[in-house]
There are 2 protein chains.
Amino acid sequence: MDQTPGFIAAVEEAKLGYAEGGVPIGAALVSKDGQILGRGHNMRVQKGSPVLHAEMSALENSGRLPASAYEGATMYTTLSPCDMCTGACLLYKVNRVVIGENKNFLGGEELLKSRGKEVIVVDNQECKDLMEKFMKEKPELWNEDIAV
Amino acid sequence: MDQTPGFIAAVEEAKLGYAEGGVPIGAALVSKDGQILGRGHNMRVQKGSPVLHAEMSALENSGRLPASAYEGATMYTTLSPCDMCTGACLLYKVNRVVIGENKNFLGGEELLKSRGKEVIVVDNQECKDLMEKFMKEKPELWNEDIAV
């Protein structure tokens with residue numbers, strides 16, 4: 001799972017976000033036939049946006065799509081999705097959510113499962129290390145991002 | 001409730017959205033001391049955005065805020081919030097969601113209540129009429145917006 005193009009793209013996006021001084025979380029939305037529909041990273045710092053978490057950026061960068069485009073799709077994300085990103089995955093009825101890690105933050109995985117979504121936690125060391133480093137370096141930015 | 005500044009702003013935003021040829025749903029985020037932090041409407045058509053539903057636009061237009069700014073806040077919206085907007089209200093821990101109507105669409109009201117949020121449905125005729133008109137005029141756009 002770590003070597004799928006969607007997961008690799010999500011990790012690349014997270015690193016981009018870190019390099020830009022932002023919240024280093026990345027995501028990629030992949031169609032059922034394996035095409036990356038959109039990829040992106042958290043844009044709180046870069047665009048001053050409270051809504052463009054990584055998964056939201058991936059959806060936004062996928063553009064306007066008919067419901068059929070999301071059928072069987074997978075959202076790859078480097079960190080367990082918050083309530084907002086969980087809800088976005090539910091709205092767009094993605095089939096599966098593949099999560100880099102949930103040690104540094106545990107989001108709406110149970111809600112996703114209760115609504116019939118497949119949830120896979122990869123427990124990727126690179127994702128954990130990057131997030132842990134960021135949380136130590138910029139705790140206030142992280143708290144702002146998850147509203148605590 | 002229909003005459004509070006937040007609700008009036010949400011309805012104005014919905015009408016703006018309609019006038020622009022978009023999905024006519026509006027929202028306003030109001031702080032506990034009654035200040036409008038941000039207001040906005042669905043921007044699917046105007047910005048080609050799948051994430052800027054009305055409540056998301058109101059949050060986006062509120063900009064980056066510390067968690068404390070959302071304490072005791074109310075999200076006013078002209079239509080029952082979808083899963084994504086429900087999740088955004090949960091992430092930012094708004095205290096209360098005031099909903100213009102839920103006859104044309106019923107979103108995550110039960111989830112909001114189960115997480116301790118106050119949910120008030122105003123059942124406003126103007127909101128119902130505007131939404132019903134739009135759904136008849138542009139059913140494909142509406143279906144795209146809620147991914148059905």
Side-chain angles (χ1 to χ4, degrees), chain A residues 22-23 27 29 37-38 40 42-71 73 81-94 105 107-108 110-112 114-115 117 140-148, chain B residues 22-23 27 29 37-38 40 42-71 73 81-94 105 107-108 110-112 114-115 117 140-148:
Chain A
V23 180
L29 179 66
L37 298 171
N42 185 301
M43 299 299 275
R44 178 172 293 272
V45 169
Q46 297 89 327
K47 289 190 176 174
S49 173
V51 307
L52 289 176
H53 277 192
E55 300 89 329
M56 308 299 288
S57 283
L59 285 163
E60 182 76 346
N61 293 336
S62 301
R64 287 178 57 182
L65 295 170
S68 58
Y70 302 100
E71 282 169 15
C82 80
D83 286 324
M84 174 173 69
C85 297
T86 295
C89 290
L90 291 172
L91 168 65
Y92 286 112
K93 303 183 182 73
V94 306
F105 178 80
E110 288 308 314
L111 181 60
L112 288 167
S114 76
R115 297 274 296 268
K117 308 303 175 191
E140 287 176 13
L141 176 57
W142 174 234
N143 284 343
E144 183 192 311
D145 202 54
I146 52 169
V148 295
Chain B
V23 180
L29 179 66
L37 298 171
N42 185 300
M43 300 299 277
R44 178 172 293 272
V45 170
Q46 297 90 326
K47 289 192 177 173
S49 172
V51 307
L52 289 176
H53 276 193
E55 298 89 328
M56 307 299 288
S57 284
L59 285 164
E60 181 75 345
N61 294 335
S62 301
R64 286 178 58 181
L65 295 170
S68 58
Y70 302 100
E71 281 170 14
C82 80
D83 286 324
M84 173 175 69
C85 297
T86 295
C89 290
L90 291 173
L91 167 65
Y92 286 112
K93 303 184 182 71
V94 306
F105 178 80
E110 288 309 315
L111 181 60
L112 288 168
S114 77
R115 295 275 295 268
K117 307 303 176 190
E140 287 177 12
L141 176 56
W142 174 234
N143 285 343
E144 183 192 311
D145 202 53
I146 52 170
V148 295

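In what follows, chains are A, B, ... by sequence order, proteins preceding strands, each numbered from 1.
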Exercise for review: Using non-hydrogen atoms and a 4.5 Å limit, figure out which bit of Leu111(B) sits close to chain A: side chain, backbone, both or neither.
Suggested key: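 For Leu111(B), side-chain heavy atoms alone lie under 4.5 Å from chain A.
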
Exercise for review: Could you look at Tyr92(B) and say if it's the side chain, the backbone, both or neither that has a heavy atom under 4.5 Å from chain A?
Suggested key: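 Backbone plus side chain of Tyr92(B), per the 4.5 Å heavy-atom cut-off to chain A.
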
Point to revise | Pairwise distance CD(Glu55(B)) to CG(Leu29(B)) - rounded to 0.5 angstrom | key: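 Separation between the atoms: 10.5 Å.
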
Review point. So which heavy atom on Arg115(B) is nearest to which on Asp83(A), and how close?
Key: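 Result for this residue pair: NH2-OD2, 2.7 Å.
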
Point to revise | Non-hydrogen atoms of Leu91(A) and His53(B) that approach each other most closely | key: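 Smallest interatomic distance, heavy atoms only, reads CD2-CE1, 3.7 Å.
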
Review point. Most heavy-atom pairs under 4.5 angstrom with chain A, which of Ala67(B), Ala88(B), Pro50(B)?
Key: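 The residue among Ala67(B), Ala88(B), Pro50(B) with the greatest pair count is Pro50(B).
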
Check your understanding: Ala58(B): what forms a side-chain contact (heavy atoms from CB on, under 4.5 Å) with it, not counting sequence neighbours?
Key ->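 If we apply the side-chain contact (heavy atoms from CB on, under 4.5 Å) test to Ala58(B), skipping adjacent residues, the hits are Ala27(B), Met75(B).
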
Point to revise | Non-neighbouring partners of Gln46(A) that pass side-chain contact (heavy atoms from CB on, under 4.5 Å), sequence neighbours left out | key: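 Glu20(A), His41(A), Met43(A).
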
Exercise for review: Let me know if Ser49(A) has heavy atoms under 4.5 Å from chain B in its side chain, its backbone, both or neither.
Suggested key: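 Backbone plus side chain of Ser49(A), per the 4.5 Å heavy-atom cut-off to chain B.
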
**Study point:** chain B contact via Asp145(A) - side chain, backbone, both or neither, heavy atoms under 4.5 Å
**Key:**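 For Asp145(A), the contact with chain B is made by the backbone alone.
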
